[in-house]
Number of protein chains: 2
Amino acid sequence: MAAYDSTDRAILDRLQTDGRIANVDLAEAVALSPSACLRRVRALEQDGLIAGYRAELDRARLGLDLTVFIELKVGQHSRKTAARIESVLSGIPEVVACHVISGSADFLVEAAVANLAAYERLLIDQILAIPAIVDARSTFAIRTVKTRGPLPLAQLR
Amino acid sequence: MAAYDSTDRAILDRLQTDGRIANVDLAEAVALSPSACLRRVRALEQDGLIAGYRAELDRARLGLDLTVFIELKVGQHSRKTAARIESVLSGIPEVVACHVISGSADFLVEAAVANLAAYERLLIDQILAIPAIVDARSTFAIRTVKTRGPLPLAQLR
DNA sequence: GCAGTCGCGCAATATTCTTGCGCCTGGGCC
DNA sequence: GGCCCAGGCGCAAGAATATTGCGCGACTGC
């Protein structure tokens, strides 16, 4: 499949908001029969547009009161060290997101931890323990206005 | 409800990975009968631990090739301007996350856009158009190692 | 030891998912 | 203009799943 219409967009839009909506209700919301709707959803999954479904948990209620952004600098760059660093970082449960970035740092990591003590353990024992990481600069989220918001669909063709 | 056990954790863990798993299968995965499992899930939803369910879309396939982090500085701070800025920022579809942060900037925004042209429009027409925003520093994600990863559950009591 | 509470599994019912099928529509081609 | 084909739809039936009431057993606190 290569072209998507406004119905597909409506489906994606709805599923981004409520990923567990019954197909019957989704169908009604986008003005299709359940069978046609389900076929569209399956096609979107097949195409990889829908990568999966996730339950969205509440950080505060989980006891994760601290969201921290950590910029990391790497000493000697090489394909090998980069791969190693990435695999270690993404294996840390507290690491919720991780990007290779432009600018003065090399990685931007988002971590969710319970408190400052947990943050310290994460930073010292896990992140700074990675060889080749020479610097870390942390920024704390004082308040989260929006997180994991829906992706825009306007550009979809 | 106030105390959670390892079965609750297992349920949350599973639902974070596959938010649309059939209750029958979830029940089997956590070694419960379907009815008991469903009651647990409902309780977790009621408690707000499960905030909702979302379809996870693929940015690249949506045509969102650029993830940008934008640090914003605010000129004169006041409760009112802060509230205004937040509401405008979270209303922008491209803004996928937004935090009030510590450090030299005031806001950290994550935006998903199609390309540099779209980024420019977002920055100039939408973000810098907000009064009281005096500076913006953008960092581009060269590659995304991990995004919207599962939250850690180890600290849950 | 006993009553109360909580959470479980079972089973029946309601709801939903899923798939085959025939129909309609629109585009390309004589 | 008319024909043929492909794609997508709705309908309907059967399969699977969700949902709820109910009784039972285990643990708690007295």
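Residue numbers start from 1 in every chain, and the chains themselves are labelled A, B, ... in the order their sequence lines are given, proteins ahead of strands. All values reported here derive from a predicted model rather than from experimental measurement.
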(message) If I compare all heavy atoms of B:Leu62 with all of A:Gln155, which pair ends up nearest, and what's the gap?
(response) O-NE2, 2.9 Å
(message) To check you understand the geometry: which heavy-atom pair defines the closest contact between B:Leu64 and B:Ala112, and what is its length?
(response) CD2-O, 3.8 Å
(request) Please identify each residue that fulfils salt bridge (Lys or Arg N to Asp or Glu O under 4.0 Å) with A:Arg9, with sequence neighbours left out. (result) none
(message) Tell me the closest heavy-atom pair linking A:His77 and A:Thr81, and the distance in Å.
(response) C-OG1, 4.0 Å
(request) Assign a letter to each nucleotide of nucleotides 9-25 of chain C from its 5' end: B, base within under 4.0 Å of a protein heavy atom; S, sugar-phosphate only; -, no contact. (result) BB-----SSSBB-----
(request) Provide, to the nearest angstrom, the distance between the CD1 atom belonging to A:Ile11 and the P atom belonging to D:dG8. (result) 12 Å
(request) Starting from P on D:dA16, measure out to CD on B:Glu28 and report it in whole angstrom. (result) 15 Å
(request) Return the value, rounded to whole Å, for the distance between atom CD of B:Glu45 and atom P of D:dA18. (result) 12 Å
(request) Taking all heavy atoms of A:Leu66 and all of A:Asn115, pick out the closest pair and write down the distance. (result) CD2-C, 3.5 Å
(request) Please confirm whether B:Phe69 and A:His99 have ring centers closer than 6.0 angstrom. (result) yes
(message) Rounded to whole Å, how long is the line connecting atom CZ of B:Arg40 with atom C1' of C:dC8?
(response) 9 Å
